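Chain naming here is simple, since letters A, B, ... match the order of the sequence lines and numbering starts at 1 in each. Just so it is clear, the model here is predicted, and its values are computed rather than measured. Only heavy atoms go into these numbers, but all of them, side chains included; no hydrogens, no water, no symmetry mates.
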Protein chains: 2
Amino acid sequence: MLHDPAQLDLMFQALADPARRQMVDRLSRGPASVSQLAEPLAMSLSAVVQHLNVLEASGLVRTEKLGRVRTCRIEPQALRSAEHWINERRLAWERRLDRLGDFLAETKDET
Amino acid sequence: MLHDPAQLDLMFQALADPARRQMVDRLSRGPASVSQLAEPLAMSLSAVVQHLNVLEASGLVRTEKLGRVRTCRIEPQALRSAEHWINERRLAWERRLDRLGDFLAETKDET
DNA sequence: CCGATACTGAAGTAATTACTTCACTATTGT
DNA sequence: ACAATAGTGAAGTAATTACTTCAGTATCGG
């Protein structure tokens, strides 16, 4: 379920918005309430809650409500799987280049 | 210019679409022409070209036209910087957890 | 030169997104 | 009890997105 393409879709979609990345950035420095997340952002609380719902639906952020404050924290596993998707593709490309380099070096030797 | 926030924005935006990720995936296995990229996708060539333009504007893909075929290839540096953004946030969170763990362990010792 | 191939570009459209405001429901502190 | 705080939910709207079709333009192969 970690590399579920639908989940990956939601995660990259979630990361596509600068406000949401700013929220993730804030959360990477520790848990925060909704208002704390909202504070540096030039938009209504309501808008922030909507962004937060996107982040939560993507699995990148987990939240928990105690009394009237909702505390948000990062889900590192989810970040890891987005990271992993990119990494796999990049490595595939780079391995390919290496093999190509080897091949060219070999055929050069043979001349 | 590699960690330019505007560029990062374009990259995550580009990766947010499943068709575009499929194109990146294909390119990770080697260069391809526009038609080759289009072949597995259930959409018009025109739509593929539009996606390709998004990918190119984001810096994730570089293309080069020879004669009538446009050859597309991945730009690993760009992939690396998206990867890096995620990685930094995840590590910040995990280091924080470690320090918290150390702190809790220490205060336990002191009781 | 001529038909097929490989795109390219413009226009239009339906769906989605990123907000807004406003009205509302808990909780908490005094 | 009451005011302030913290967040929720529903509309509404403007902009953007992901396509479509159609009408091109080069280039290539014979």
Do [X] and [Y] come within less than 4.5 Å of each other through their side chains, counting heavy atoms only?
X	Y	result
B:Leu41	B:Gln22	yes
B:Glu94	A:Arg80	yes
A:Trp93	B:Val24	no
B:Leu15	A:Ile86	yes
A:Asp25	B:Arg89	yes

Starting the side chain at C-beta, find the nucleotide from C:dA6, D:dT8, C:dT8 nearest to B:Lys65.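 Of C:dA6, D:dT8, C:dT8, C:dT8 is nearest to the side chain of B:Lys65.
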Report all interatomic pairs (protein N or O, nucleotide N or O of nucleotides 13-20 of chain D) with separations under 3.5 Å.
{"from": "D:dA18", "atom 1": "OP1", "to": "B:Asp17", "atom 2": "OD2", "distance (Å)": "3.2"}
{"from": "D:dA18", "atom 1": "OP1", "to": "B:Arg20", "atom 2": "NH2", "distance (Å)": "3.4"}
{"from": "D:dA18", "atom 1": "OP2", "to": "B:Arg20", "atom 2": "NH1", "distance (Å)": "3.1"}
{"from": "D:dC19", "atom 1": "OP2", "to": "B:His51", "atom 2": "NE2", "distance (Å)": "2.8"}
{"from": "D:dC19", "atom 1": "N4", "to": "B:Gln50", "atom 2": "OE1", "distance (Å)": "2.9"}
{"from": "D:dT20", "atom 1": "OP2", "to": "B:Ser44", "atom 2": "N", "distance (Å)": "2.9"}
{"from": "D:dT20", "atom 1": "OP2", "to": "B:Ser44", "atom 2": "OG", "distance (Å)": "2.9"}
{"from": "D:dT20", "atom 1": "O4", "to": "B:Gln50", "atom 2": "NE2", "distance (Å)": "2.8"}

Please produce a list of atom pairs where a protein N or O lies less than 3.5 Å from an N or O of nucleotides 26-30 of chain D.
{"from": "D:dT27", "atom 1": "O2", "to": "B:Arg68", "atom 2": "NH1", "distance (Å)": "3.1"}
{"from": "D:dC28", "atom 1": "O4'", "to": "B:Arg68", "atom 2": "NE", "distance (Å)": "3.4"}
{"from": "D:dC28", "atom 1": "O4'", "to": "B:Arg68", "atom 2": "NH2", "distance (Å)": "3.3"}

With a 4.0 Å limit, can you tell me whether B:Ser35 has a side-chain N or O closer than that to the phosphate oxygens OP1/OP2 of C:dT5?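 It does not, given that no N or O in the side chain of B:Ser35 lies less than 4.0 Å from OP1 or OP2 of C:dT5.
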Work out which heavy atom in [X] is nearest to a heavy atom in [Y]; give both atom names and the distance.
X	Y	value
A:Thr63	A:Leu52	CG2-CD1, 4.3 Å
B:Ala14	B:Leu60	CB-CD1, 3.9 Å
A:Glu75	A:Gly59	CB-O, 3.2 Å

Residue pair B:Glu64 / B:Thr71, side-chain donor-acceptor N/O under 3.5 Å: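 Checked: B:Glu64/B:Thr71 side chains show no N/O donor-acceptor pair below 3.5 Å.
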Axial bend angle, the helix from C:dC1-D:dG30 to C:dT30-D:dA1: five-pair end segments, nearest 10°: 30°
Roughly, in whole Å, what's the span from CD in B:Glu39 to P in C:dA6?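 Taking CD of B:Glu39 and P of C:dA6, I get 12 Å after rounding.
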Would you check if the side chain of A:Arg70 reaches a backbone N or O of A:Lys65 as a donor-acceptor pair within less than 3.5 Å? no
